[in-house]
Amino acid sequence: MSELLLDAAERGDASAVVAALTGMPEAARRGAAPRVLSAIREASRGYGMPNGALQLAALGVCTLSELEHLPRHARARGAEAIVVLRDRRPEWLPRWVETLMEDEFYWTWFPLVRTLVRDGLCPRPDHPHYPLGMITGLRALRSAAPNPPIQDVLRQDPDLLPEIWHLFELEGGGENSLANYDRFSFGSTWSEAFLALMRDGTLPRERLLDATIAALGRDFNHYRAKWFIDFHDKLAPTPGELTARAAHYLELLHRSTPNVVAFALKTVEKLDRAQPLDDHALLAGLRSRMRSEVASQVRSVIKWISRVAKRNPAVTAECMTIVSEAVLHEHKEVQHDALAWIQQQKGTLTPAHRALLERARGMVAASNTELLASLIGTASAPVPTPIPTGTPARHVSPWSRLAGLDLLDTPGVELESLGPAPFDGTDVPRLHASETVVPAEDLAALIERCASAIENAGDVLEYELALDSIARLADQRPPDFAKRLSPLTKRSAKRLAARGAVPFSGQDHTLDLCAVIHAWATQQVLDPIRMTEYERDFLRSPLQADGPGVPVEWRRSVAGYVARRALAVARQVSTGTALPLLSTPTHASGLIDPHALAVRTQVWVAAQATPDPHDVTLAMLRVAPDDRAKALQNFPNGPAEWVLSLRYALGGDHAIGESVQLWTAAAFARAPFATDEVLCTHHPALGADAGVPARYAPQVTSWESHGHTHHRLRVDVAPAPSLRVDVLPAAFFAEPSADRYFTESCLGPRSDGAYRLAASVSPVVADALAAESACILGANLDWWEAQWANKVLLEPWANPDLPLRDMPRLLLVLGLAAKDPGEHGLASDVAIRAIEDGRLVGDELGATMSLLLPTGLVKPARWARSLKDVARHSAWHTLTVRVAIERVCGASVGVPPRELLELLLELCTECGCAASGAAVRKSLARAGTKGKVGATATALLALQQRDATHATHQAQARSAAYEGRRARAERWGQMREGLS
Amino acid sequence: MTSIEHAYRYSYPSAVTPAEGQAGRVELATSGGEQASPLYFEGQLVYPRETADFLRALIDVVHARYHVPAAMLQRILIMADPVVTCTEGRLRFEGFSSCCGVYARLDVLENGLRGTTFGRGTTNVDFNPPMLAALARVRESDALGLSVGRDHVAASTTRDTVIERRVPLPARWVRGFGEVQACLARMTQRCEIPGVEARRFLRALPKASMHRRATWITAAGAGLRVSQLETPQGVRVGGVERLRVLTPVIHHAELLRVYSDDTTGASAWEIVATGMRYLVAFSPEVWRGFSGEGQLLREMAASDRDALLSRVRAALTWEWLLDVDVLAAEVGAPVSQVRSALAVLSSRGLVGYDLAERGFFHRVLPFDLGQVERLQPRLRAARRLVAEGAVRVEENADSHLVGVVVSDAVEHRVRLSADSFSCTCPWYAKHRQARGECKHVLAVRLTLEAADV
């Protein structure tokens, strides 16, 4: 008998399976079970699915436990399943039904379960998914006619009618809910079915209406609640029905679902206008709306409350209490409406109300402070810290000029026109003793460091130190070398075996590290193999003969440049040669102490070896400006060109040699902002940052497509960049790919690690990095693609020793306009820091914003949001942002954006000053007087300077500006003296 | 997924029942504890609206799942009910999210309750949807009673339906519920802001999901702001959108206190309101539950703690707050060892930690926690390594010890010193000491203990 069953199941003959199972004894079923289960497992391999006959066989022979462990696609359903179960009548059927109701797609089992219940084979499952399954599962019961209306199916199965009331109690979710079904199903909908059943008297109208209102009170998700709101409207309750349920509508005001509350407000207002409701009950409901995030809703409630107070003066005190809560609302319009109404009732202000309003002191928008003060009086302003007079502290004095402290003391210079700290990054100390890194000294530390670098791709300093450790300790091969290295070699082998992994191609620096470990352990260097496919050149790993490759252009990126240095390390360690990397940072900031570089160079000279030029050039770009002259005295003076070029980078005078790669980097490291005439004579026309400092010109191009205007930022560089890939500063200007399809940027792949690695290449002067970063960020301002790594591009600029010249400022201003909270949040953080330490001033910030505003690339509302956050930080930040917006308004050809004007109004009010400057006032006048822009512009024009407030604010701002710059000067002083 | 089957059995469904006049009563059905359905408290809520709002917020946390692993084809939404501990006229309601990453506790203090305590203990309480909907309708002016459990005589005369539910509680969920207490005990307060500022801060949180971003919350004036830059004073929050669970109740806040654990990066946010405190603790990342922190593995692996644990456990008598000095004197052990023992007991669900009062409190989670340690994957793997003889000590100096563990044909070297440990495995390389010890370190420790080194 079981042979028959198995044959039929394997043939896929469902009828034969049913026939074989009919009357089969339980012992025979159990005997067949192992083979049926085995057949199901075989059929389920990969993406396979057992046929229906096999599913039926399983239902006929398996125990409950076996069935529960089957994949859901191996569970039988349909009419034959009913026949099998009817014949078998297992005692576990109710528990099997419970299991089906627990399924993720429980509604697909509703027809089966419903039939079992209807036929009396099992009791109705006490599970919320049973009635909910009806929503989508009912359609499968409509077997009599194709696509019959839901109401007809329900009429044919009247026992289901009581179940429908559960649909008003249970929310459903995902694909299965009344809202989802009615929105996406074709033909009949549930709302039509309910209405049809109501019209023919099957369902009582009163109960439907009550159930709908009750459902709205269950805090369903807004999407699913919307169905009940719509259904309520379709029921079209009469005024009498509405009035009878007034208490229920009032209750809905306490709900948290926004559209339910909006619906309740509308209905209750209608009821209240028709016949005033009980004031206390109404106010209790309205009170809960004071915390709504929707400003328009709160404003309309305030108006409503004022009407209640007018018609019943006895509740005015209660109304005042409620409206006082709105003063704490984050929208200034709400605050204003609340304060204005309270002011009208000023005579009835009690101490309790005053206490409530007192909480709002310092919380309301600046434009509402006067209104609040008129109610509860003015608080005494905090006294600003006086600026110290006399000689600055010992550590501060030498750096006063570069920190911009002197500017604050310049007679006649107003805070509004204060310039930034005039340092360029090469003229100040950069090495902080606390940032010194500790290199690995033995094999154990090396293994730990390498393991950490492989697992934490975002930590590029760890990568640099790991690479350096292997290079320095490559000759350490104790007898148990292989065993000790085994955790690393195993991990590296796994990474290198990953499909598509190509080391030394610029794909991933941790992969390069794995390949260096591989070279050290096996003496095999995995130099990528070049191949051509589809007329394009690719690189692939020697370990993956038929694996996919990566475009050869990746090597032209900055990441590719660093990868070639790793390849050189791999070649070195494969021979067991232990020599230090020249370019390993000595400080966490990514910089190299010039004295340490001298020591490393001495080791190479002593070994009579020549380092890889990628390593030498990287070392030049990373060497700190600190104490170069003294380091030069201890520097080897060998005849080798690489030694001479290093000396030249540190300021030594040597004749320019033949290697363009070495001398270009040396000239840049020596004086990044000056033209090197000697180099230009020797190697002319190399391009930007190769003897001639780069000049940047941002351009925004716009085009229309499918009704949308698209914008793209491009930064043109002059002189035209050299396309030679082995010239390091020029790598930042290289076009990585002809069609920019394979790589979007010359920095490398889009990852935190790659971007951080690119930022570590030139930590002293990073304008080229900023220019490329601005292009990357600018291409995704609206977050049309999830580019999580882009935020990393802003990270370097939190460093107080990197000045914010044109390109970094462009990047910052773009960041402030980014949609992604990570990007605009970090840009705000950088702006706060930069204003504090004197790198950013309002005039320059405004100038950069003015450059971008007319292009349409940025949304001014996002600037307003970010700048509001920045301005909150201190009085100096407020003043800086105010000046920036004034500059934008002054430079604006048309009407300035409303959001910026609104922020300007708040800031001017806070500063106690009028909108200053003829250009600004002219631009405000252009806004007219109509609309929100006009009203704001008019308010700005009407602002008068309030001398006391202005003086206090100026003093606070000056104090904050002074403190930030003094702290910077002191820090530099301590760094120079090595005190920290 | 390893799970522990837990059965809830309520004699009746919890409900907000109307009483004579306008007053109603929150009747919470209980399940488990020292009795099947114990009665712990009967009385009045002094702040009914606030209590109702906080209870709803706690249930929001219980029902929340902030992370569903990509590989999880079927969402296993466990509906584990909150637990309540009744002690000395005060109540602590505790709940834990399905994703094991958010813990919430509402402490209703003496001035928030008026009534009679019938016993001390911890039990599950039923929070069904109709009851939650009724709680939402509670107003300030309502006089509202509260009962935790029902008098057995009264219960036997009613004809309520008995509610039975069997829930497979994932082992990691039960572990996490315990381990979060040990995490709280390590936290320090970072800032305290007025309720008004807290409300403004929460309203200004980014609307977009930030679970991929590490975010720091820093002080800004009298309030807080979200920062993307790490600062020494900042509190790191992974998945800052999770803070929105505080929004529905923040208007009740008089103060908001923020705590953080520097070791793991977890944080706790405490709303102080009149008559109650509401604490929500967040795991370091959205995808990282408290169960995986493993900070107590070392203590769990130690075999010499059993006697002390038994003594400490025997000395617990449902105190609202444990005095560690008194406890140490009582059990005759140093304070540091008693603290360590309490941390282990917290992972077994036997004590909780009150951040506001900086002390442990006694409560017994009504789950079968005997299996928790057995189900700890790292500890299990470490014991297997020891059993296989894969561990040997290579160097035993005064300052440090080096052990070698052979695992998967690779030799991992473990270095132990008085206050630190390291291993050459990828797990240690990735997490360092932030997630406790790896299986290799634990295996070496177990071997050393066995050899009494």
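Arg203(B) places a side-chain heavy atom less than 4.5 Å from the side chain of Arg291(A). With contacts defined as side-chain heavy-atom distances shorter than 4.5 Å, the pair Ser828(A)/Arg225(B) qualifies. With contacts defined as side-chain heavy-atom distances shorter than 4.5 Å, the pair Glu455(A)/His431(B) does not qualify. Residues Leu229(B) and Arg833(A) meet the side-chain proximity criterion, which asks for heavy atoms closer than 4.5 Å.
For chain B, the nearby part of Asp820(A) is the side chain; its heavy atoms alone come within less than 4.5 Å. When heavy atoms are compared at a cutoff of 4.5 Å, Asp480(A) approaches chain B solely by way of its side chain, counted from C-beta outward. Only the backbone of Ala214(B) comes within less than 4.5 Å of a heavy atom in chain A; its side chain stays farther off. Contact annotation for Arg255(A): only side-chain heavy atoms (C-beta onward) come within less than 4.5 Å of a heavy atom of chain B. Of the atoms belonging to Arg491(A), it is side-chain heavy atoms, and not backbone ones, that fall under 4.5 Å from chain B. Ile454(A) does not touch chain B: none of its heavy atoms, backbone or side chain, sits under 4.5 Å away.
At distances below 3.5 Å, not a single donor-acceptor pair connects side-chain atoms of Asp829(A) with backbone N or O atoms of Ser227(B). Judged by distance alone, with hydrogens and angles left aside, the side-chain atoms of Asn456(A) form a donor-acceptor pair with the main-chain N or O of Ala429(B) at under 3.5 Å.
For the atom pair SG of Cys423(B) and CD1 of Ile447(A), the computed distance is 11.0 Å after rounding to the nearest 0.5 Å.
Interface remark: of the candidates Ala451(A), Gly825(A), Gly822(A), Gly822(A) forms the most heavy-atom pairs closer than 4.5 Å to chain B. Residue with the most contacts toward chain B among His873(A), Glu795(A), Arg484(A): Arg484(A) (heavy-atom pairs, distance under 4.5 Å). Of the listed residues (Glu330(A), Met363(A), Lys483(A)), the one with the most heavy-atom contacts under 4.5 Å to chain B is Met363(A). Ranked by non-hydrogen atom pairs under 4.5 Å with chain A, the options Asp408(B), Val410(B), Thr424(B) are led by Val410(B). Contact count versus chain A (heavy atoms, under 4.5 Å) is highest, among Glu197(B), Arg413(B), His412(B), for Arg413(B). With chain B as the partner, the residue from His824(A), Lys490(A), Glu169(A) showing the most heavy-atom pairs under 4.5 Å is Lys490(A). The candidate from Glu251(A), Arg72(A), Arg287(A), Arg218(A) with the greatest count of non-hydrogen atom pairs under 4.5 Å with chain B is Glu251(A).
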Task: Residues Gln228(B), Lys791(A); criterion side chain to side chain contact (heavy atoms under 4.5 Å, CB included); working and verdict - done: CA-CA 9 Å; Gln228(B) 300 296 314; Lys791(A) 186 192 128 184; 3.1 Å; yes

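More than 12 heavy atoms of other shown residues, nucleotides or ligands fall within 6.0 angstrom of atom NE2 in His73(A).
Residues Arg432(B) and Glu448(A) are paired through a salt bridge, judged by an N-O separation under 4.0 Å between the basic side chain and the carboxylate. Using a cutoff of 4.0 Å between basic side-chain nitrogens and carboxylate oxygens, Glu293(A) and Arg199(B) are not scored as salt-bridged.
Contact record, Asp219(A) with Arg56(B): OD2-NH2, 2.7 Å, taken as the closest heavy-atom pair.
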